[in-house]
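We use all heavy atoms of the structure for the numbers below, so side chains are in, but hydrogens, waters and symmetry mates are not. Values in this document were obtained by computation on a predicted structure and should not be read as measured data. A note on names: the letters A, B, ... follow the listed sequences, proteins ahead of strands, and every chain is numbered from 1.
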Amino acid sequence: MRDFSDEELERYSRHIILEDVGIEGQEKILNSKVLIIGAGGLGSPVALYLAAAGVGEIGIVDGDVVDLSNLQRQVIHTTSEVGTAKVISAKRKMEAINPNIKVTVYQTMLDASNILEIVKGYDFIIDGTDNFSAKFLINDACIIANKPYSHGGILRFGGQTMTIKPHESACYACVFDSPPPANAIPTCSSAGILGAVAGMLGTIQATEALKVIVGVGEPLYNRLLSFDAKAMSFRNINFKKNPKCRVCGGEGIKELRDYEAVVCEMKR
Amino acid sequence: MKITINGEAKELRDGLSITELLVVENVEMPEMVSVQLNDEFLKQDEYAATIVKEGDDINFLYFMGGGA
């Protein structure tokens with residue numbers, strides 16, 4: 001067991017007094033490494049909460065710079081940082097909240113050529129991306145690299161998330177198989193997203209990461225949590241790993257490929 | 001015929017295929033849902049030939065691609 005400093009004991013006291021976390025659980029958090037892919041609507045709350053929780057090493061991936069239209073929901077970035085690389089902006093806030101953690105930035109977009117090299121250094125991966133080619137690529141890479149991860153998707157007033165334990169629980173492709181046709185896809189930029197809904201889903205993803213790290217509770221394995229914030233109704237849809245899944249079933253996939261990335265507009 | 005769709009009990013006429021059910025249930029973009037029938041996910045090319053039966057439990061899971 002590590003020696004907690006007085007500062008750490010005080011900083012993490014509300015975790016430590018939690019019966020299901022305790023000093024042992026907090027030590028697991030401090031020793032954990034989480035990769036957040038996307039420093040946007042989902043990545044912002046995830047990064048803030050995981051930094052605050054004391055996740056020892058956090059990697060954050062994003063190739064974009066902060067845009068004025070991001071600030072309605074991407075709460076880790078500020079008005080004065082418009083034009084700044086998102087990963088740099090995010091790192092500043094994470095280190096300001098918790099100087100004890102190590103933040104590694106990847107100012108790039110992930111593709112089949114670089115994702116495995118990046119994910120291999122982490123224990124848990126967060127999908128905070130905004131397109132299906134990235135979401136399916138992350139799923140494939142986490143299955144191949146055997147990394148547990150959290151899938152998240154949001155649209156308008158809705159959100160969905162599931163947690164995947166490769167080769168044990170159902171993967172994203174068990175449920176959704178392949179990306180939908182590009183011309184059918186409504187995206188947040190074309191269909192809109194209520195900013196606070198991104199926060200709702202992102203904080204669920206952060207909670208799932210911490211549950212898996214500490215080993216407490218029942219992560220969203222073999223179920224999709226889907227919510228509609230207009231009705232404020234939440235639903236779990238249960239399923240099992242598909243033995244014939246294109247990605248994790250049978251022989252499964254052995255090599256990564258990039259899915260077609262198309263800029264898509266909502267069907268009218 | 002009594003079935004369950006997205007957790008809600010529904011009364012529908014007999015003999016509907018999944019393709020027809022998507023129309024009856026006003027799913028605007030069928031290509032944007034994954035259909036789960038009694039724990040199994042259907043392939044899109046199975047929709048037309050799959051006839052809904054009394055007591056079936058069906059979920060429409062919508063693709064959500066946003067995050068940024």
Output yes when a side-chain donor or acceptor of B:Gln36 lies under 3.5 Å from a complementary backbone atom of A:Ile237, and no otherwise.
no

Distance from [X] atom [atom1] to [Y] atom [atom2], nearest 0.5 Å?
X        : Y        : atom1 : atom2 : answer
A:Asp177 : B:Gln44  : CG    : CD    : 9.0 Å
A:Phe239 : B:Leu61  : CZ    : CG    : 7.0 Å
B:Met64  : A:Ile193 : CE    : CD1   : 8.5 Å
B:Glu40  : A:Lys244 : CD    : NZ    : 7.0 Å

[X] atom [atom1], neighbour heavy-atom count above 12 within 6.0 Å:
X        : atom1 : result
B:Glu11  : CD    : yes
A:Tyr221 : OH    : yes
B:Glu54  : CD    : yes
A:Lys165 : NZ    : no

Would you call A:Pro181 and B:Glu31 a side-chain contact if the rule is heavy atoms closer than 4.5 Å? yes

Side chains of B:Phe41 and A:Asn242: closer than 4.5 Å at any heavy-atom pair?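 Answer no - side chains too far apart.
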
Note: vs chain B, highest number of non-hydrogen pairs under 4.5 angstrom among A:Lys240, A:Arg235, A:Gln74 is A:Arg235

Counting heavy-atom pairs under 4.5 Å with chain B, the top scorer among A:Cys174, A:Gly40, A:Gly41, A:Ala198 is A:Gly41

| task | Quick one: sort the B:Phe63 and A:Phe176 rings into parallel, tilted or perpendicular, breaks at 30° and 60°. | result | tilted

Closest heavy-atom pair, A:Val175 versus B:Ser34, reported as atoms and distance to 0.1 Å, is O-OG, 2.6 Å

Tightest non-hydrogen contact, residues A:Pro180 and B:Met32, listed as CB-SD, 3.7 Å

So, the part of A:Thr161 with a heavy atom under 4.5 Å from chain B: the answer is neither

| Contacting moiety of A:Asn238, where chain B heavy atoms sit under 4.5 Å |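 Backbone only.
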
